[in-house]
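Worksheet: one structure, shown below.
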Amino acid sequence: MLQKNKILSVPLSLLLGISVLVVGCETSDNGLGADGGMGTMTVQMTDAPIDSADAVNVFIERVEVNNAEDEEGWTVLNEPQQSYNLLELVNGATEVIGSSELEPGVYNQIRLILSESGHSVEVNGQAHDMKVPSGPQTGIKLNINAEIEPDIEYILLLDFDASRSVVAAGPPGNPVKYLLKPVITAKEKAITGNIEGTADPAESRPVVYAIAGTDTLASTIADTTSGDFRIIGLEEGSYDVALDSRNEAYQSVVEEDVSVTVGGTAEIGTIELPATSEE
């Protein structure tokens, strides 16, 4: 098994990648859009997966941003009032959890308001409720320092790390078996790139990690039918891509020095995972 500074600690650890994409919009003759100079912030959520669970369901009530240092500066982007299965947001899949026009200015924080109940994890076909240990009223806050400009859309990518967010609550017999302690990173999508490829054979079912130095920065699980995988929201730089087989019949491999550029996708083609040698 490959040694990694990774997300597969604890039986389960959970949710949510943030990236901020800057996309120019058409402007009118006076330099402002038809909306009168408002900017737009869109928040997408993706997930670093966990292979020890069948589903990780998180109920989000509101998504808010703050353009001031005090608690009075919160603005609601969206009130989804719904549950999201984080394990459906892998291989580059994202979910828009909020999008709204905002007054131009610098927004320094975003927060997710989670419900007091409605969170669950499914293990071996059995659903278990998850408790959020800290008061959900305060929300999960992330620093973003996003500058909203007229007629520009900023896409914020929230990476919910399921493998580190879902944790075992305690010894056997504890009525609360799992806790939800969200581990989320926020990234500006406009200044990130991607890596994609194919694991061969698909039945090796590898977890795919993007590693910079000794740090694992992102991961996904290759499609179990096609073997295709895609890791999004990576900052520009060089990565080792580790394919860690979950099928003992195949070896794990590492593709070294994969270069990621802003706005680009590094295509590394088909990566073969050799069969495990029989003794």
Side-chain angles (χ1 to χ4, degrees), residues 1-10 12-19 44-56 85-95 157-166 183-185 187 189 192-261 264-276:
M1 183 68 68
L2 297 172
Q3 297 297 316
K4 314 179 257 306
N5 239 354
K6 249 287 17 87
I7 57 177
L8 297 179
S9 54
V10 237
L12 306 160
S13 320
L14 145 194
L15 161 9
L16 303 199
I18 283 182
S19 60
Q44 296 179 346
M45 186 168 68
T46 189
D47 174 43
I50 180 172
D51 64 355
S52 52
D54 303 314
V56 175
N85 180 4
L86 298 180
L87 300 194
E88 293 180 350
L89 303 179
V90 296
N91 265 328
T94 61
E95 180 81 28
L157 180 61
L158 298 180
D159 193 344
F160 210 122
D161 192 337
S163 70
R164 294 166 60 192
S165 303
V166 177
V183 176
I184 306 170
T185 58
K187 301 176 184 176
K189 197 170 183 180
T192 65
N194 316 303
I195 295 174
E196 66 179 29
T198 302
D200 182 31
E203 65 187 38
S204 60
R205 300 183 297 109
V207 180
V208 186
Y209 304 105
I211 304 170
T214 59
D215 296 327
T216 298
L217 300 183
S219 65
T220 192
I221 293 178
D223 185 275
T224 55
T225 301
S226 65
D228 294 342
F229 60 85
R230 181 178 175 87
I231 300 177
I232 66 173
L234 297 170
E235 295 182 355
E236 187 170 67
S238 180
Y239 296 84
D240 290 343
V241 179
L243 284 73
D244 192 357
S245 176
R246 294 180 293 156
N247 183 336
E248 294 182 355
Y250 297 93
Q251 301 177 41
S252 299
V253 298
V254 176
E255 182 79 5
E256 297 181 342
D257 298 327
V258 176
S259 180
V260 172
T261 58
T265 296
E267 299 181 2
I268 60 176
T270 299
I271 307 299
E272 181 180 351
L273 284 77
T276 301

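Computed over heavy atoms, backbone and side chain alike; hydrogens, waters and symmetry mates excluded.
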Would a 4.5 Å heavy-atom cut-off, applied to side chains only, mark [X] and [Y] as touching?
X    : Y    : answer
T192 : L234 : no
I268 : F229 : yes
L89  : M45  : yes
Y250 : P201 : yes
E236 : T261 : yes
K189 : Q44  : yes
E267 : T265 : yes
P206 : S252 : no

Does L273 form a side chain to side chain contact (heavy atoms under 4.5 Å, CB included) with L243? I'd like the steps, not just the answer. CA-CA 8 Å; L273 284 77; L243 284 73; 3.7 Å; yes
Measure the spacing between [atom1] of [X] and [atom2] of [Y] and express it to the nearest 0.5 Å.
X    : Y    : atom1 : atom2 : answer
D244 : T216 : CG    : OG1   : 10.0 Å
T46  : E88  : OG1   : CD    : 12.0 Å
D240 : E256 : CG    : CD    : 5.0 Å
E203 : N247 : CD    : CG    : 6.5 Å
D223 : T220 : CG    : OG1   : 9.5 Å
S226 : N91  : OG    : CG    : 7.5 Å

Under a 3.5 Å distance rule, please check whether R205 uses its side chain to pair with a backbone N or O of R246 as donor and acceptor.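 Yes, the answer is positive, given that a donor and an acceptor are paired below the 3.5 Å cut-off.
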Test item: T276 side-chain N/O and E248 main-chain N/O as donor-acceptor pair under 3.5 Å: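 A pair under 3.5 Å: yes.
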For [X] and [Y], work out which heavy atoms get closest and say how close.
X    : Y    : answer
I231 : A218 : CG2-CB, 3.5 Å
S219 : Y209 : CB-CD2, 3.5 Å
L87  : V56  : CG-N, 3.9 Å
R230 : N194 : NH2-ND2, 3.1 Å
A275 : Q251 : O-NE2, 3.0 Å
I221 : V207 : CG1-CG2, 4.1 Å

Considering residues at least two apart in sequence or located in another chain, which fulfil the salt bridge (charged side-chain N to carboxylate O under 4.0 Å, His left out) criterion with E255?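 Testing E255 for salt bridge (charged side-chain N to carboxylate O under 4.0 Å, His left out), a comparison that skips the adjacent residues, returns none.
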Steps toward side chain to side chain contact (heavy atoms under 4.5 Å, CB included) verdict (I271, D200): CA-CA 6 Å; I271 307 299; D200 182 31; over 6 Å; no
